[in-house]
A.B. asks: 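Here it is, the structure, as structure tokens.
Order of listing sets the numbers, starting from 1, for every ligand and every atom in it.
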Amino acid sequence: RHFREKHSYTRYNEWEKIVAWTERMAKKYPKLVSRVQIGKTYEDRPMYLLKVGKESGKKKVIFMDCGIHAREWISPAFCQWFVKQAVRTYETDKVMFKLLNNLNFYILPVFNIDGYVWTWTEDRMWRKNRANTSNSDCPGVDLNRNFKAKWGTIGISHKPCSQIYCGPSAESEPEIKAVTSFIREHLSSIRGYISFHSYSQILMFPYAYKDETAPNNDELNKVAKEAVEALSSLYGTEYTYGPTATTIYPCSGSSLDWAYDEGIKNAFTFELRDLGKYGFILPESKIRPTCRETMLAVKHIANYILTS
Ligand code: ING
Ligand code: ZN
């Protein structure tokens, strides 16, 4: 394993570099960025969240998380890109200026830190966290099956060796507790929730745990349609979109449904590039185009939330 000199937005960064980067961003842009710890992982690593936006009174908030699944490396790369672009273009981009003046983005650059570290050191294809389970041969809970959203009912496994093991109970995992308690404490201001996965090029919204459409399905569908149009305007990358259960597959315990049922009515999950040629092992040369196009979709969603 070789250590690279420095953090880079066009490369995949190890966890140590990402932590150092969060600290640097808060120091370098004190008027726009601050860092808070929301909890600790199973292996006791601090979970840092970046608050991005102009400090001024009570503002709407959009919560975004990346890297809930360890091997989906393009996802944390996007969260880092988003923060950099936000602060870099704040003064020159009208839309970003308006967004950061009028709302805050709360960004968790890596949700599943222990798993992410594991993909760098032991197993590039690891998905779950690294918690011990009832089977000592099979550690790890799928964090996107551990939320209290019809937990343990569909599209999950109760077997620790499964990739979609939902854990012994809802919110059993420290990473989930950290995120759900933080969001609950800030519910009155949080107006949007966006989670980033890879891969498949899909923009999804609730529900995942049932086939029924969400009460505001028409609105979600319209925003998603416009967001993927914005995304594809740059390089022609094609995205599909729709309710999770019928667009990809049904499953319970996801962050998307949990956030929605807590009352965050603008809830989305991206499956970033690609369509399977490289899958989780997306080459570093694709980071820049993937992040640039995804910015357009996220800015569209954010602007919709701001003006609605
Ligand atoms: N896909 C997601 C998963 O957790 C998903 C799909 C998104 C399910 C939103 C539920 C809600 O299975 C990947 N690639 O992990
Ligand atoms: Zn995933």
Side-chain angles (χ1 to χ4, degrees), residues 63-79 108-116 118-119 123-129 140-157 162-167 170 173 175-176 179-180 192-214 217 220-221 224 227-228 239-262 264 266-282 290 294 297 301:
F63 186 99
M64 311 205 299
D65 60 68
C66 290
I68 193 170
H69 289 137
R71 64 193 174 190
E72 300 167 8
W73 284 11
I74 188 62
S75 167
F78 175 73
C79 269
L108 184 60
V110 185
F111 193 133
N112 177 9
I113 302 163
D114 298 346
Y116 187 72
W118 195 253
T119 61
D123 179 359
R124 176 65 183 81
M125 289 300 282
W126 194 259
R127 167 178 167 100
K128 303 186 285 179
N129 75 350
V141 170
D142 183 345
L143 295 179
N144 207 31
R145 299 292 182 278
N146 192 239
F147 284 81
K148 208 178 266 178
K150 296 281 183 293
W151 178 86
T153 56
I154 188 176
I156 51 91
S157 171
S162 167
Q163 292 276 38
I164 50 170
Y165 174 48
C166 61
E173 303 312 294
E175 295 86 355
I176 303 298
V179 169
T180 56
Y193 172 82
I194 313 176
S195 186
F196 296 88
H197 289 251
S198 70
Y199 57 93
S200 289
Q201 298 176 192
I202 311 173
L203 178 51
M204 290 171 283
F205 43 86
Y207 289 99
Y209 64 62
K210 62 177 175 188
D211 280 354
E212 281 168 48
T213 55
N217 183 72
L220 293 171
N221 199 70
V228 305
Y239 263 61
T240 50
Y241 59 93
T244 310
T246 51
T247 304
I248 164 166
Y249 40 71
C251 76
S252 55
S254 71
S255 65
L256 178 70
D257 285 351
W258 177 81
Y260 189 79
D261 286 347
E262 286 291 310
I264 307 172
N266 295 112
F268 296 92
T269 295
F270 281 82
E271 294 277 6
L272 301 174
R273 288 199 200 184
D274 59 9
L275 289 170
K277 180 173 189 213
Y278 298 104
F280 302 117
I281 320 296
L282 192 70
T290 303
T294 308
I301 295 171

A.B. asks: Could you go through ligand 1 and note, for every N or O atom, any protein N or O atom closer than 3.5 angstrom, writing the atom names and distance to 0.1 Å, or 'none'?
C.D. replies:
| unit_1 | atom_1 | unit_2 | atom_2 | d |
| --- | --- | --- | --- | --- |
| ligand 1 | 1 (N) | Tyr249 | OH | 3.4 |
| ligand 1 | 1 (N) | Glu271 | OE2 | 2.6 |
| ligand 1 | 4 (O) | Asn144 | ND2 | 2.8 |
| ligand 1 | 4 (O) | Arg145 | NH1 | 2.9 |
| ligand 1 | 12 (O) | Arg127 | NH2 | 3.3 |
| ligand 1 | 12 (O) | Arg145 | NH2 | 2.8 |
| ligand 1 | 12 (O) | Tyr249 | OH | 2.5 |
| ligand 1 | 14 (N) | Glu72 | OE2 | 3.4 |
| ligand 1 | 14 (N) | Ser198 | O | 3.3 |
| ligand 1 | 14 (N) | Glu271 | OE1 | 3.3 |
| ligand 1 | 14 (N) | Glu271 | OE2 | 3.2 |
| ligand 1 | 15 (O) | His69 | ND1 | 3.0 |
| ligand 1 | 15 (O) | Glu72 | OE2 | 3.2 |
| ligand 1 | 15 (O) | Arg127 | NH1 | 3.0 |
| ligand 1 | 15 (O) | His197 | ND1 | 3.2 |

A.B. asks: Which atom names give the shortest non-hydrogen contact between Leu220 and Ala214, and what distance separates them?
C.D. replies: CD1-CB, 4.2 Å

A.B. asks: Anything protein N/O/S under 2.8 Å from the Zn ion (ligand 2)? Just list residue and atom, please.
C.D. replies: His69 ND1, Glu72 OE1, Glu72 OE2, His197 ND1

A.B. asks: Does the Lys NZ or Arg CZ of Arg71 fall within the cation-pi geometry relative to Trp118 - under 6.0 Å from the ring centre and within 45° of the axis?
C.D. replies: no

A.B. asks: Between Glu173 and Asn146, does the side chain to side chain donor-acceptor pair (under 3.5 Å) criterion hold? Intermediate values first, please.
C.D. replies: CA-CA 7 Å; Glu173 303 312 294; Asn146 192 239; 4.7 Å; no

A.B. asks: Please list, chain by chain and in numerical order, all residues satisfying disulfide (SG to SG under 2.5 Å) with Cys79, sequence neighbours excluded.
C.D. replies: Cys66

A.B. asks: Is the distance between the ring centroids of Phe268 and Tyr193 under 6.0 Å?
C.D. replies: no

A.B. asks: Considering only heavy atoms from C-beta outward, does the side chain of Met204 approach that of Glu271 to under 4.5 Å?
C.D. replies: yes

A.B. asks: Who pairs with Tyr260 by ring-ring contact (aromatic ring centres under 6.0 Å, His included), at least two apart in sequence or on another chain?
C.D. replies: Tyr207

A.B. asks: Tell me, do Ile113 and Glu175 make a side-chain contact under 4.5 Å, heavy atoms counted?
C.D. replies: no

A.B. asks: Please determine whether a side-chain nitrogen of the Lys or Arg among Arg127 and Asp142 lies less than 4.0 Å from a carboxylate oxygen of the Asp or Glu.
C.D. replies: yes

